[in-house]
Chemist: 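The structure is given below, and queries will be raised subsequently.
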Amino acid sequence: MTDCIFCKVASGEIDSKKVYEDSDIVAFHDINKKAPVHILIIPREHIPSLLDMDTEKQALLGQMNSIAIRLAKEHGVAESGFRLVLNCNQDAGQSIDHVHLHLLGGRPMGWPPG
Ligand code: 5GP
Ligand code: ZN
């Protein structure tokens with residue numbers, strides 16, 4: 001999608017600090033990090049929200065989870081603990097309509113989230 005920030009990050013049109021990419025997935029540091037480790041994992045494909053991943057996109061969601069686990073290990077938060085967050089729509093605070101998984105770690109996180 002031409003006016004989507006994360007499509008542009010995936011294509012390289014917008015600069016980002018990428019930590020992983022393959023033919024399906026891109027991962028990069030969040031520009032406004034909320035924890036010492038804050039990485040976003042996105043599909044290259046423009047998928048607006050989790051609601052669009054209920055059937056044939058389940059494998060892609062699995063790939064995103066796998067990469068999150070790998071990145072948690074690589075960034076030293078696997079043992080200390082980390083959180084995966086996937087905000088869906090307004091009440092959850094989804095601000096970019098291209099599905100993205102947050103990997104947060106490196107500090108204790110409260111529960112429940114605010
Ligand atoms: P949401 O609130 O939609 O779940 O998360 C969107 C995230 O994208 C936010 O944490 C925000 O800081 C991050 N973000 C927004 N624009 C950019 C950008 O251009 N580059 C990067 N790296 N992160 C961005
Ligand atoms: Zn997009």
Side-chain angles (χ1 to χ4, degrees):
M1 201 191 225
T2 51
D3 61 350
C4 169
I5 290 174
F6 284 173
C7 281
K8 289 180 179 172
V9 168
S11 71
E13 195 181 329
I14 291 179
D15 275 344
S16 67
K17 292 183 184 167
K18 286 185 182 157
V19 292
Y20 178 88
E21 62 185 318
D22 64 28
S23 55
D24 297 322
I25 308 285
V26 180
F28 50 94
H29 289 287
D30 195 292
I31 205 168
N32 179 21
K33 67 179 185 177
K34 283 91 178 169
V37 173
H38 188 176
I39 293 169
L40 300 173
I41 299 128
I42 67 169
R44 283 190 188 277
E45 181 184 352
H46 181 79
I47 300 172
S49 89
L50 185 63
L51 294 173
D52 305 299
M53 300 190 86
D54 59 346
T55 53
E56 76 274 14
K57 303 298 183 197
Q58 283 294 302
L60 194 53
L61 205 50
Q63 285 173 258
M64 290 165 68
N65 271 318
S66 276
I67 290 156
I69 293 166
R70 171 178 163 165
L71 290 171
K73 291 176 181 168
E74 287 178 4
H75 288 78
V77 296
E79 294 306 318
S80 52
F82 61 95
R83 183 170 289 168
L84 301 182
V85 174
L86 206 165
N87 292 323
C88 183
N89 283 347
Q90 193 175 347
D91 280 358
Q94 182 177 1
S95 62
I96 296 186
D97 291 336
H98 180 131
V99 77
H100 48 281
L101 183 63
H102 296 257
L103 165 61
L104 296 146
R107 66 164 171 82
M109 274 167 270
W111 186 263

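Order of appearance sets the numbers: ligands from 1, and atoms from 1 within every ligand. Not measured: the values here are computed from a predicted model.
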Chemist: Under the side chain to side chain donor-acceptor pair (under 3.5 Å) rule, collect the residues that match up with Asp15, sequence neighbours excluded.
Modeler: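 Expected list: none.
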
Chemist: Starting from the Zn ion (ligand 2), look over the N/O/S atoms of His46 and name the nearest one.
Modeler: ND1

Chemist: Please name all residues satisfying salt bridge (charged side-chain N to carboxylate O under 4.0 Å, His left out) with Lys33, sequence neighbours left out, ordered by chain then number.
Modeler: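 Scan of Lys33 (salt bridge (charged side-chain N to carboxylate O under 4.0 Å, His left out), adjacent residues dropped) gives none.
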
Chemist: Could you please compute the angle at the Zn ion (ligand 2) from SG of Cys4 to SG of Cys7, rounded to 10°?
Modeler: 120°

Chemist: Can Val77 be reached from Ile67 by stepping across I, L, V, M, F, W or Y side chains whose heavy atoms are under 4.5 Å apart?
Modeler: yes

Chemist: Write none if no such pair exists; otherwise list each N/O atom of ligand 1 with its protein N/O partner under 3.5 Å and the distance.
Modeler:
residue: ligand 1; atom: 2 (O); partner: Gly93; partner atom: O; Å: 2.9
residue: ligand 1; atom: 2 (O); partner: Ser95; partner atom: OG; Å: 3.2
residue: ligand 1; atom: 3 (O); partner: Ser95; partner atom: N; Å: 2.6
residue: ligand 1; atom: 3 (O); partner: Ser95; partner atom: OG; Å: 3.0
residue: ligand 1; atom: 3 (O); partner: Ile96; partner atom: N; Å: 3.3
residue: ligand 1; atom: 3 (O); partner: His100; partner atom: NE2; Å: 2.8
residue: ligand 1; atom: 4 (O); partner: Asn87; partner atom: ND2; Å: 2.8
residue: ligand 1; atom: 4 (O); partner: His100; partner atom: NE2; Å: 2.9
residue: ligand 1; atom: 4 (O); partner: His102; partner atom: NE2; Å: 2.8
residue: ligand 1; atom: 5 (O); partner: His100; partner atom: NE2; Å: 3.1
residue: ligand 1; atom: 5 (O); partner: His102; partner atom: NE2; Å: 3.2
residue: ligand 1; atom: 10 (O); partner: Asp30; partner atom: OD1; Å: 3.3
residue: ligand 1; atom: 10 (O); partner: Asp30; partner atom: OD2; Å: 2.5
residue: ligand 1; atom: 10 (O); partner: Lys34; partner atom: NZ; Å: 2.8
residue: ligand 1; atom: 12 (O); partner: Asp30; partner atom: OD1; Å: 2.5
residue: ligand 1; atom: 12 (O); partner: Lys34; partner atom: NZ; Å: 3.4
residue: ligand 1; atom: 22 (N); partner: His29; partner atom: O; Å: 2.9
residue: ligand 1; atom: 22 (N); partner: Ile31; partner atom: N; Å: 3.4
residue: ligand 1; atom: 23 (N); partner: Ile31; partner atom: N; Å: 3.3

Chemist: Can you confirm whether Asp91 is buried at CG, in the sense that more than 12 heavy atoms of other residues, nucleotides or ligands lie under 6.0 Å from that atom?
Modeler: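 Not more than 12 within 6.0 Å, no.
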
Chemist: Which is the closest N/O/S atom of His98 when seen from the Zn ion (ligand 2)?
Modeler: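 Nearest N/O/S atom: ND1.
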
Chemist: NE2/His38 to CG/Asn32 distance, rounded to the nearest 0.5 angstrom?
Modeler: 8.5 Å

Chemist: Pairs in or reaching into residues 68-87: which pass side chain to side chain donor-acceptor pair (under 3.5 Å), with residues at least two apart or in two chains?
Modeler: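 Pairs touching residues 68-87 that pass the test: Arg70-Glu74.
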
Chemist: For the CG atom of Leu84 and the CD1 atom of Ile69, what is their distance to the nearest 0.5 Å?
Modeler: 7.5 Å

